[in-house]
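What follows is a single structure, written as structure tokens, with notes after it.
Numbers here are sequence positions counted from 1. Counting starts at 1 for both ligands and their atoms, in listed order.
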Amino acid sequence: MKINIAQLRQAIGASQSFSFHTPVEDLAGETGELWLKGRIEVTGEAVNTGRLLAISGVIKGVAGQTCHRCLADFTSEAVITFSENFREEGSAATDPDALVYHGDEIDLAEIVREALIVAEPLKALCGEDCRGLCPTCGVNRNETPCTCVTTSIDPRLAALEKLLPKK
Ligand SMILES: [Zn+2]
Ligand SMILES: [Zn+2]
């Protein structure tokens with residue numbers, strides 16, 4: 001996932017777009033699995049701002065996740081943005097967070113990998129309206145409606161409920 005910046009370095013204000021398609025396994029490396037599956041698409045732009053090269057882009061892929069409410073596996077579209085500034089090795093560090101490049105190439109693999117790790121959702125939900133597992137009988141209530149009474153009534157209201165006329 002390398003971009004050649006030989007031209008870009010020459011002209012302040014110039015920009016250069018990039019686009020990669022790669023299997024996500026190629027990014028995971030020795031650290032194991034990433035939460036996206038299959039191939040990912042990385043597109044973006046590098047801009048020469050004078051002292052720095054500003055690189056920003058979008059990672060698109062398919063996430064393979066487990067719903068924390070119903071424990072079902074599901075996939076969803078993932079779109080993650082990233083941006084980093086780079087300065088040439090040996091140049092003045094005007095931006096303390098800027099990464100360093102040397103020569104005419106910048107390898108995006110590491111910043112894309114970092115962006116993916118940071119963006120991993122901790123509590124994935126298969127849907128906003130996921131009904132989860134029944135705490136009483138354990139069925140997945142998205143698939144099987146059960147008749148367990150799981151609504152807990154506030155004890156103060158329960159006292160009132162006794163006063164209501166029985167149907
Ligand atoms: Zn769910
Ligand atoms: Zn149940």
Margin query: What verdict does the side-chain contact (heavy atoms from CB on, under 4.5 Å) test give for Gln65 and Phe74, after you've listed the backbone C-alpha separation in whole Å, the side-chain angles of each residue and the deciding distance to 0.1 Å?
Written below: CA-CA 6 Å; Gln65 295 174 280; Phe74 67 101; 3.9 Å; yes
Could you tabulate the donor-acceptor pairs under 3.5 Å formed by side-chain atoms of residues 12-20, not counting sequence neighbours?
residue	atom	partner	partner atom	Å
Ser15	OG	Glu45	OE2	3.4
Gln16	NE2	Asn4	O	2.9

Checklist line | Atom of Ala92, atom of Arg87 and distance for their closest heavy-atom approach | finding: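 Answer, listing the atom of Ala92 first, then Arg87: O-CD, 3.9 Å.
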Checklist line | Val24 versus Leu116, closest heavy-atom pair with distance | finding: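 Result for this residue pair: CG2-CD1, 4.3 Å.
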Margin query: Tell me the angle that SG of Cys146 and SG of Cys134 form around the Zn ion (ligand 2), rounded to 10°.
Written below: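 For SG of Cys146 and SG of Cys134, the angle centred on the Zn ion (ligand 2) reads 110°.
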Next item on the list: Output yes if His68 passes the N/O/S-under-2.8 Å test against the Zn ion (ligand 1); output no otherwise.
Entry: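 No, His68 does not qualify, because none of its backbone or side-chain N, O or S atoms lies under 2.8 Å.
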Note to self: What do you get for the angle at the Zn ion (ligand 1) between SG on Cys67 and SG on Cys130, to the nearest 10 degrees?
What the structure shows: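 Between SG of Cys67 and SG of Cys130, the angle at the Zn ion (ligand 1) is about 110°.
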